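When a residue number appears, it is its place in the shown sequence, counting from 1. These figures come from a predicted structure and were not determined experimentally.
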Amino acid sequence: LMTGHVDGIGTVVALTPVDGEGWDKGSRRLEIDAPRPIARYIAPKGSIAVQGVSLTVNGVEGTRFHVNLIPHTLDVTTLSALAPGAKVNLEVDLIARYVARMAEFDAADGASPRQ
């Protein structure tokens with residue numbers, strides 16, 4: 001669930017071809033380093049917007065995550081022009097923010113998130 005707000009600025013690490021057949025033929029893997037304050041909201045198979053384009057997160061390691069850009073996405077967005085070191089706008093999934101907020105609120109009250 002995206003709202004169009006920028007939560008932080010990430011840095012492109014790599015944009016590399018994906019070896020594959022079928023649906024992922026011609027795809028590219030985009031790796032980005034996210035700022036620490038928003039990295040906690042990024043989860044595999046969750047959503048993230050990069051430069052306003054809503055994408056599915058394929059993997060996360062620390063503050064770095066990667067997405068798969070299919071040929072259609074590469075054709076109809078500016079994401080194919082990204083290069084290592086480029087700065088990109090990031091927006092994390094709104095539901096992830098609400099879940100984190102609820103857990104923080106419950107923890108501050110000493111209550112279990114299940115109560």
- At their closest point, which heavy atom of Ala39 faces which heavy atom of Gly62, and how far apart are they? CB-O, 4.5 Å

- Partners meeting salt bridge (charged side-chain N to carboxylate O under 4.0 Å, His left out) with Asp93 (sequence neighbours left out): none

- Query: Does Pro44 have any side chain to side chain contact (heavy atoms under 4.5 Å, CB included) partners at least two apart in sequence or in another chain, and if so, which?
  - Reply: Val60

- Task: Applying side-chain hydrogen bond (donor to acceptor under 3.5 Å, both in side chains), name anything that partners Glu91, two or more places apart in sequence or on another chain.
- Result: Thr3

- List the steps and the verdict of side-chain contact (heavy atoms from CB on, under 4.5 Å) for Val13 and Ile32. CA-CA 5 Å; Val13 176; Ile32 297 174; 5.8 Å; no

- Message: Suppose the criterion is side chain to side chain donor-acceptor pair (under 3.5 Å): which pairs have a residue in residues 35-50, not counting sequence neighbours?
- Response: Arg40-Glu104

- Shortest non-hydrogen contact between Val67 and Ile48, atoms and distance: CG1-CG2, 4.2 Å

- State the OG1-NE2 distance between Thr16 and His66, to the nearest 0.5 angstrom. 9.5 Å

Side-chain donor-acceptor pairs of residues 69-85 under 3.5 Å, sequence neighbours excluded:
unit_1 : atom_1 : unit_2 : atom_2 : d
Thr77  : OG1    : Thr73  : O      : 2.7
Thr77  : OG1    : Leu79  : N      : 3.2

- Message: Evaluate Ile9 against Val88 for side-chain contact (heavy atoms from CB on, under 4.5 Å), listing each step before the verdict.
- Response: CA-CA 5 Å; Ile9 306 296; Val88 291; over 6 Å; no

- Message: What's the separation between atom CG in Leu30 and atom CD in Gln51, rounded to the nearest 0.5 Å?
- Response: 10.0 Å

- Message: Using 0.5 Å steps for rounding, measure from the CG atom of Leu90 to the CD1 atom of Ile42.
- Response: 6.5 Å

- Non-neighbouring partners of Asp33 that pass salt bridge (charged side-chain N to carboxylate O under 4.0 Å, His left out), sequence neighbours left out: Arg64

